[in-house]
Amino acid sequence: MLDLSSLNDAQKQAVTAPLGPVLVLAGPGSGKTKTLTFRIAYIIEKRLINPVNILALTFTNKAAKEMRARVRKLLSRFQGVSEQLTMGTFHSVCARILRKEISALGYSPNFTIFDTDDQHKVIREICDDLKLDKKFPPSLFSALISRAKNILQLPSELDLGMDSPLKERLQEVYGRYQDSLFRQNALDFDDLLMLMVKLLDSNEKLLQKYQKQFAYILVDEYQDTNPAQYALLRLLSKHQNLFVVGDDAQSIYGFRGSDITNILNFEKDYPTAAIIKLEQNYRSSKNILNAAQKVIELNSEQKEKTLWTENLSGEKIIIRVAEDERAEAEFVARKIIELVSHEKNELVYEAEEEYKGYSILERVLKARKMFGKTDVFRHLKLSQLPKKHDSLKEYCVLYRTHAQSRALEEVFIESGIPYQIVGGLKFYERKEIKDMLAYLRLCVNFRDLVSLKRVINEPARGIGDRSYLAIRDFIVDITAKNKDMRLKDFREKFLKVQILPKALASAQDFFAMLEDFSSLPVKATLPELLKAVLRRTGMEKFLRDGSEKGESKWENVQELITVTSKFKNLPWKEALTAFLEEVALMAEIDQKQEEKDTVTLMTLHSAKGLEFDNVFFVGLEEGILPHSRSLIDPGELAEEIRLAYVGLTRARKRLFLICAKSRMSFGNRQLQTPSRVLKVLPKECVEFQGLPLLEQNDGEIVVEEMEF
DNA sequence: AGCGCTCAGCTTTTT
DNA sequence: GCTGAGCGCT
């Protein structure tokens with residue numbers, strides 16, 4: 001029997017609500033995932049819903065994985081049931097369905113998924129072909145094309161409300177782009193959603209099939225759905241068995257087309273909907289929750305919600321003003337060392353002792369006397385992390401932009417603190433890895449021109465730009481006539497390409513190589529394919545050139561083979577498709593290694609849905625958070641506030657808020673002012689540490705400007 | 001074809 | 001202050 005006794009009243013109400021539309025408004029730390037997983041278990045066990053008819057959509061693969069594990073635990077009496085559920089991100093679920101059904105749209109099922117990088121390359125090539133004015137950079141078009149796709153507009157249906165010279169060009173570029181993808185048998189991220197919707201919209205039979213298959217739909221992070229995702233849900237949820245969970249205060253993906261009105265209008269869209277609010281917070285201390293509440297109140301239009309907690313007030317939130325990004329990072333490192341090793345960094349505290357009882361001006365004068373006019377903290381050496389220390393897993397550092405991670409990383413290396421950075425310089429973005437992936441992509445789909453261009457001359461085969469262009473045009477030409485041509489037939493016709501004989505011979509050999517790979521024995525494994533690719537393409541020799549760099553690249557490629565070994569039990573063709581799809585649709589956070597005992601560094605966006613005992617929130621400055629690009633638009637500004645809210649509510653016990661007085665940006669040192677977020681924090685929840693450059697005054701925090 | 005030099009653009013956030 | 005695209009030279 002499913003035991004509901006650990007749920008509070010609101011949670012229980014949500015879990016046991018009648019089938020039909022349900023909106024759960026869940027504040028941070030209110031047991032959102034718990035409610036979702038119990039709901040799934042409940043409808044299977046109590047409402048006897050067949051798990052194959054359940055579709056659960058999450059925002060990241062990591063969340064899907066976690067949810068499946070939790071459902072498995074709840075339903076451990078029913079072996080294998082959790083494996084029958086369809087769970088994943090919108091993108092991965094769409095990809096899986098499209099692999100089966102996309103021939104109805106003229107694509108082949110072995111389509112390649114293009115990431116943003118691939119997308120940019122295609123668009124840039126189109127812009128080059130069109131010889132567009134510099135006023136129309138490729139980046140402009142990729143943004144507009146994505147926007148159009150998010151609202152389900154094909155090139156012929158464009159209506160983005162813009163002036164006509166731009167609109168004309170967009171139509172041209174978008175049209176060519178979409179044609180190009182089609183010929184390459186490739187889909188970009190937005191296509192996965194848009195084409196899924198177009199397919200269901202235009203094909204009554206398929207629509208009915210999936211309405212029937214997914215009769216019960218659950219959606220996590222509903223506030224982050226975009227119009228295409230919304231349309232998909234409307235199409236699928238014919239039976240209105242739609243259970244959505246979200247929090248309008250945590251909507252932070254407006255920039256990629258998510259539409260907060262989806263959650264705000266749920267009641268209008270589904271008039272019979274049950275609305276349940278989860279307002280009890282189990283995560284954070286009172287101090288943290290109260291501070292977060294004040295921050296979200298900066299937004300007047302947020303839906304009214306009263307979060308409360310039975311947790312204790314806890315420690316005060318520490319605010320720290322650092323001299324610059326270096327000092328900021330040093331503070332974080334020093335604090336972590338101090339907390340996990342239960343000992344204070346003596347030097348630091350010696351210095352701070354000195355300041356007791358002095359006014360701000362006096363402290364500054366004293367600091368200058370002791371250390372000169374440069375940053376006082378730079379003179380304090382960080383201690384090494386002792387051999388024996390507490391776990392670092394409960395520490396995280398949050399920032400607005402990836403660029404901010406650099407200074408932190410430097411100091412963490414110097415201080416010997418193990419850390420992992422989520423996102424940023426990704427494993428799969430290294431050149432040698434991208435090259436390998438390009439070869440693998442070509443094994444599945446030789447029409448993938450982005451990959452072809454990438455590796456046709458890597459290692460060098462004497463095929464230069466001109467030869468590539470001739471080959472490209474030949475492929476475009478021939479696939480226009482016969483888009484389903486097999487590699488083998490293609491190779492026969494290939495003799496006709498007009499290029500230098502040497503290049504032609506190399507290119508022929510190149511395609512013969514691809515054919516060799518595809519004729520690998522059916523029962524070969526994916527790691528075997530990778531090894532064959534490395535050997536046959538000459539990548540192995542090319543990478544292992546005896547240099548140190550080469551060796552490190554080789555190690556990365558070996559790591560790639562290790563990653564693929566989890567697909568060993570599948571025939572390589574299936575494994576390859578699954579692997580490439582996984583890589584393409586991986587969220588930054590999916591790369592976080594949970595088992596590693598390290599501090600986690602990541603952007604606020606990646607942190608959504610996570611929680612830590614100790615959170616360091618850095619760069620709380622105007623222009624960083626809120627970001628300078630958001631200041632002109634009230635809507636975007638509100639999103640920055642929600643972002644701050646998300647950041648604050650990640651913390652369970654300790655929260656450190658740090659801002660720097662100056663910061664390096666674009667190679668210039670820039671003076672910073674503290675974020676408006678810092679100024680609304682309730683006085684009784686916060687405390688200043690170290691050299692305070694802020695003072696409290698009648699419950700409001702004012703910033704003391706300092707002259708050096 | 002391959003190397004090295006210069007200069008622009010870059011830092012929002014991501015599936 | 002760093003990267004990578006583009007250019008020119010060998």
Side-chain angles (χ1 to χ4, degrees), chain A residues 57-64 88-95 113-117 119-121 124-125 128 134 137-139 142-143 146 149-150 187-194 196 221 224-226 228-229 251-258 325 398-407 422-426 429 431 457-468 500 502-503 506 581-591 602-608 619 623-633 636-637 639-640 642-644 646-647 663-670:
Chain A
L57 295 162
T58 58
F59 204 68
T60 63
N61 298 300
K62 184 169 179 263
T89 63
F90 275 95
H91 293 264
S92 63
V93 169
C94 287
I113 298 171
F114 274 7
D115 64 19
T116 9
D117 200 47
Q119 185 183 356
H120 289 317
K121 283 183 176 161
R124 194 181 312 132
E125 224 170 277
D128 286 349
K134 273 222 167 78
S139 58
S142 36
S146 178
K149 288 185 175 184
N150 278 332
L187 271 63
D188 65 21
F189 288 138
D190 300 315
D191 280 340
L192 291 171
L193 303 174
M194 179 176 78
M196 186 74 244
E221 310 280 15
D224 288 322
T225 50
N226 69 22
Q229 292 164 327
S251 158
I252 56 172
Y253 282 98
F255 71 92
R256 76 170 202 219
S258 80
E325 69 272 21
L398 300 178
Y399 38 77
R400 177 66 180 82
T401 69
H402 281 304
Q404 291 169 256
S405 69
R406 187 175 253 131
V422 173
L425 33 112
K426 276 177 275 179
E429 279 171 12
K431 185 174 180 301
N457 203 32
E458 186 87 354
R461 300 186 172 87
I463 304 174
D465 279 353
R466 299 187 72 93
S467 305
Y468 163 74
L500 293 171
K502 190 186 152 215
S506 293
E581 194 165 297
E582 184 182 295
V583 172
L585 299 181
M586 181 137 52
E588 293 200 330
I589 194 65
D590 296 336
Q591 294 189 50
M602 63 192 148
T603 62
L604 292 164
H605 285 85
S606 287
K608 195 171 63 161
I624 303 264
L625 185 73
H627 194 273
S628 51
R629 303 272 296 249
S630 75
L631 295 175
I632 38 165
D633 181 306
E636 285 178 42
L637 187 63
E639 186 152 308
E640 298 290 307
R642 294 195 292 268
L643 215 35
V646 167
R663 191 176 289 277
M664 206 63 142
S665 78
F666 293 101
N668 291 325
R669 186 148 291 286
Q670 211 106 61

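All figures in this text were calculated on a predicted structure; none of them were measured in a lab. First the proteins, then the strands, lettered A, B, ... as listed; each starts at 1.
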When you check the phosphate oxygens OP1 and OP2 of B:dT15, does a side-chain N or O of A:N150 lie under 4.0 Å from one of them? no
Selected nucleotide, minimal atom distance to A:F666 side chain, candidates B:dT14, B:dC10, B:dT15: B:dC10
So does A:T603 get a side-chain nitrogen or oxygen closer than 4.0 Å to the phosphate oxygens (OP1/OP2) of B:dT14? yes
Looking at every strand, decide which applies to A:E636 at a 4.0 Å heavy-atom threshold: base, sugar-phosphate, or nothing. base
From B:dT11, B:dT13, B:dT15, pick the nucleotide closest to the side chain of A:T116? B:dT15
As a test of reading the structure: which of B:dT13, B:dT11, B:dT15 is closest to the side chain of A:R629, going by heavy atoms? B:dT11
Between the CD atom in A:E640 and the CD1 atom in A:I624, the distance rounded to the nearest 0.5 Å is 10.5 Å
Should A:T603 and A:T401 count as side-chain neighbours, where that means a heavy-atom distance under 4.5 Å? no
What integer number of Å spans the C1' atoms of C:dG6 and B:dT11? 23 Å
Under 4.0 Å from OP1 or OP2 of B:dT14: is there any side-chain N or O of A:H402 that close? yes
State which of C:dC2, B:dG2, B:dT14 makes the closest approach to the side chain of A:R406. C:dC2
What's the closest nucleotide to the A:A460 side chain, out of B:dG2, B:dT14, C:dA5? B:dG2
Which nucleotide in the list B:dT15, B:dT13, B:dG2 gets nearest to the side chain of A:A587? B:dT15
